[in-house]
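Structure record follows, encoded as structure tokens.
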Amino acid sequence: MDIHQLKTFVTVAREGSITKASELLFRSQPAVSAHIKNMEETLGLTLFQRTPRGMAVTPDGQRLLTEAHQLLDRHQKFLEEASRLRGSLAGNLTLGAGRNSSTGVVSNLLAAMSQEFPEVEVELQHRPSVRVLEGIRNGSLDAGFYTETGEDDAGLSTLEISNFCVYLAAPADMVPVAAEVNWKALENVPWIYPSGNSCCGRVARDLLDTHGIRPKRVINVDDEGVTRALIASGVGIGLVHANSTNPQENQGDIVLLSQVQKSARVLFAHLSCRIEDPVIAAVRSILATDNCTSLSFEDDRTLGAALIAS
């Protein structure tokens, strides 16, 4: 039994699902199942009961789960102490990032970590902002980047990475540009926006409720870059991010109809209790440098689109 199997055990117990655990661990479902099976055979105990609702931890599994958490903590501290003794930083860092959460800054951070702290093993997981926050709180993520959700950030230490405003945008010539938007007329054109648990999804829902309209056709797209491309190609209207200081800059073939959110912040966060953690401190020191966070809004958006396309 090795440290990877312990991580699998803890993750399956927390998520209650082989499928969810495999996604978070970047392992196939058969590999996750094999880890659990090998542990049960080695220990001679049943750790989980398979139920229609997922994986339920048995009483024996629950008692061992506490020990597993402690072993993983000791393993991390062991690596940190070894790195301290040899004068270098080592360990594991699991980061979460929303798809629209300043991809350029995240890329710069990963490059800097690789160059300055090559013995730190970094894993990046893309999740909606709500799930990034959830992962930081439940320990499946060490830290993460997310667009602020309006949720209470008590217990978290945060750094503002960037900010943007949100506009309703349309293809050129699809909707007449006027001082006052004819909201009722917009029911008849296709709307492109993401699911309700994302930043723009919540903004879109509030916008529709405020003006009392229900689009006849909705296209759900969970990526601002793809939304922007669809708008530019004439598919419909939707919400896009724009530079807070100069929103009309570099908008290409789309027209901004109305500002729907004045400011949305992209934050980096971790649990406040981990402020002294050497790996977390290293990340914060890199983020504090100008070359990590000085990307322009357009540079960041372009890099994000390139990463998604690849």
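Checking side-chain atoms of Ser272 against main-chain N and O of Leu156 turns up a donor-acceptor pair under 3.5 Å. Judged purely by atom type and a 3.5 angstrom limit, Asn138 has no side-chain atom pairing as donor or acceptor with the backbone of Arg14. In terms of modelled atom types and a separation under 3.5 Å, the side chain of Arg274 and the main chain of Val279 share no donor-acceptor contact. Gln29 contributes no side-chain N or O that, together with a main-chain N or O of Thr19, makes up a donor-acceptor pair within less than 3.5 Å. Proximity of a side-chain donor or acceptor of Trp191 to a complementary backbone N or O of Leu186 within less than 3.5 Å is detected. Remark: side-chain polar atoms of Ser22 are not paired, donor with acceptor, to backbone N or O of Ser28 under 3.5 angstrom.
For the pairing with Leu95, the side chain to side chain contact (heavy atoms under 4.5 Å, CB included) check across Leu124, Asp142, Ile136, Leu141 returns one residue only, Leu124.
Annotation for Leu267 and Ile161: closest pair C-CG1, 4.1 Å, computed over non-hydrogen atoms. Across every non-hydrogen atom of Thr158 and Ala269, the tightest pair is CG2-CB, 3.7 Å. Annotation for Ser140 and Thr94: closest pair O-CG2, 3.7 Å, computed over non-hydrogen atoms. Nearest heavy atom pair, residue Gln125 against residue Leu24, reads NE2-O, 2.7 Å. Residue Ala97 comes nearest to Val132 through the heavy atom pair N-CG2, 3.8 Å, listed as atom of the first residue, atom of the second, then distance. Heavy-atom minimum distance, Thr11 versus Lys7: OG1-O, 2.7 Å.
Counted within 6.0 Å of CD on Glu121, heavy atoms from surrounding residues, nucleotides or ligands total 12 or fewer; the atom is thus considered open. Sparse packing is recorded around NE2 of His4, with 12 or fewer heavy atoms of other residues, nucleotides or ligands lying under 6.0 Å away. Counting heavy atoms of neighbouring residues, nucleotides and ligands inside a 6.0 Å radius, atom CD of Gln70 exceeds 12 of them.
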Without placing hydrogens or testing angles, list every side-chain donor-acceptor pair under 3.5 Å for residues 52-60, not counting sequence neighbours.
from: Thr58; atom 1: OG1; to: Thr46; atom 2: O; distance (Å): 2.6
from: Thr58; atom 1: OG1; to: Leu47; atom 2: O; distance (Å): 3.3
from: Thr58; atom 1: OG1; to: Gly61; atom 2: N; distance (Å): 3.0

Just distance, no hydrogens or angles: give the donor-acceptor pairs under 3.5 Å from side chains in residues 168-178, sequence neighbours left out.
none

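In the hydrophobic clustering of this structure, Leu45 groups with Ile36; members are Ile, Leu, Val, Met, Phe, Trp, Tyr whose side-chain heavy atoms approach within less than 4.5 Å, directly or through other members. No continuous path of ILVMFWY side-chain contacts below 4.5 Å connects Leu287 to Ile275, so the two sit in separate hydrophobic clusters.
To the nearest 0.5 angstrom, Ile254 atom CD1 is 5.5 Å from Ile231 atom CD1. Atom CG in Leu43 sits 8.5 Å away from atom CZ in Phe9 (nearest 0.5 Å). With rounding to the nearest 0.5 Å, the separation of OH in Tyr146 from CZ in Phe268 is 10.5 Å. Once rounded to the nearest 0.5 Å, the distance linking CD1 of Ile280 with OG of Ser285 reads 11.0 Å. To the nearest 0.5 Å, atom CG of residue Leu64 and atom CD of residue Gln62 are 10.0 Å apart. For the atom pair OG of Ser114 and CD of Glu119, the computed distance is 12.0 Å after rounding to the nearest 0.5 Å.
Residues Val10 and His69 meet the side-chain proximity criterion, which asks for heavy atoms closer than 4.5 Å. For the pair Gln115/Leu110, no side-chain contact is recorded, criterion being any heavy-atom separation below 4.5 Å from C-beta on. For the pair Thr227/Tyr193, no side-chain contact is recorded, criterion being any heavy-atom separation below 4.5 Å from C-beta on. Within the 4.5 Å cutoff, side-chain heavy atoms of Leu239 are placed close to those of Val260.
Applying the salt bridge (Lys or Arg N to Asp or Glu O under 4.0 Å) test to every pair with at least one member in residues 20-41, sequence neighbours left out, gives these pairs: Glu40-Arg50.
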If you apply the rule side chain to side chain contact (heavy atoms under 4.5 Å, CB included), what do you find for Asn92 with Val120, and how did you get there?
CA-CA 6 Å; Asn92 299 297; Val120 174; over 6 Å; no
Would you sort out whether Glu116 and Ile286 count as a side chain to side chain contact (heavy atoms under 4.5 Å, CB included), showing the intermediate values?
CA-CA 10 Å; Glu116 298 179 30; Ile286 291 173; 4.2 Å; yes
Kindly determine whether Ile18 and Phe48 satisfy side chain to side chain contact (heavy atoms under 4.5 Å, CB included), including the steps that lead there.
CA-CA 11 Å; Ile18 293 287; Phe48 294 95; over 6 Å; no
Applying side chain to side chain contact (heavy atoms under 4.5 Å, CB included), run through Leu207 and Trp183 and close with a yes or a no.
CA-CA 10 Å; Leu207 179 66; Trp183 295 100; 3.8 Å; yes
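No side-chain donor from either of Gln259 and Gln261 sits under 3.5 Å from a side-chain acceptor of the other. His270 and Arg284 form a side-chain donor-acceptor contact under 3.5 Å, judged by distance and modelled atom types alone.
Looking at Arg63 and Glu67, no side-chain N of the basic residue comes within less than 4.0 Å of a carboxylate O on the acidic one, giving no salt bridge.
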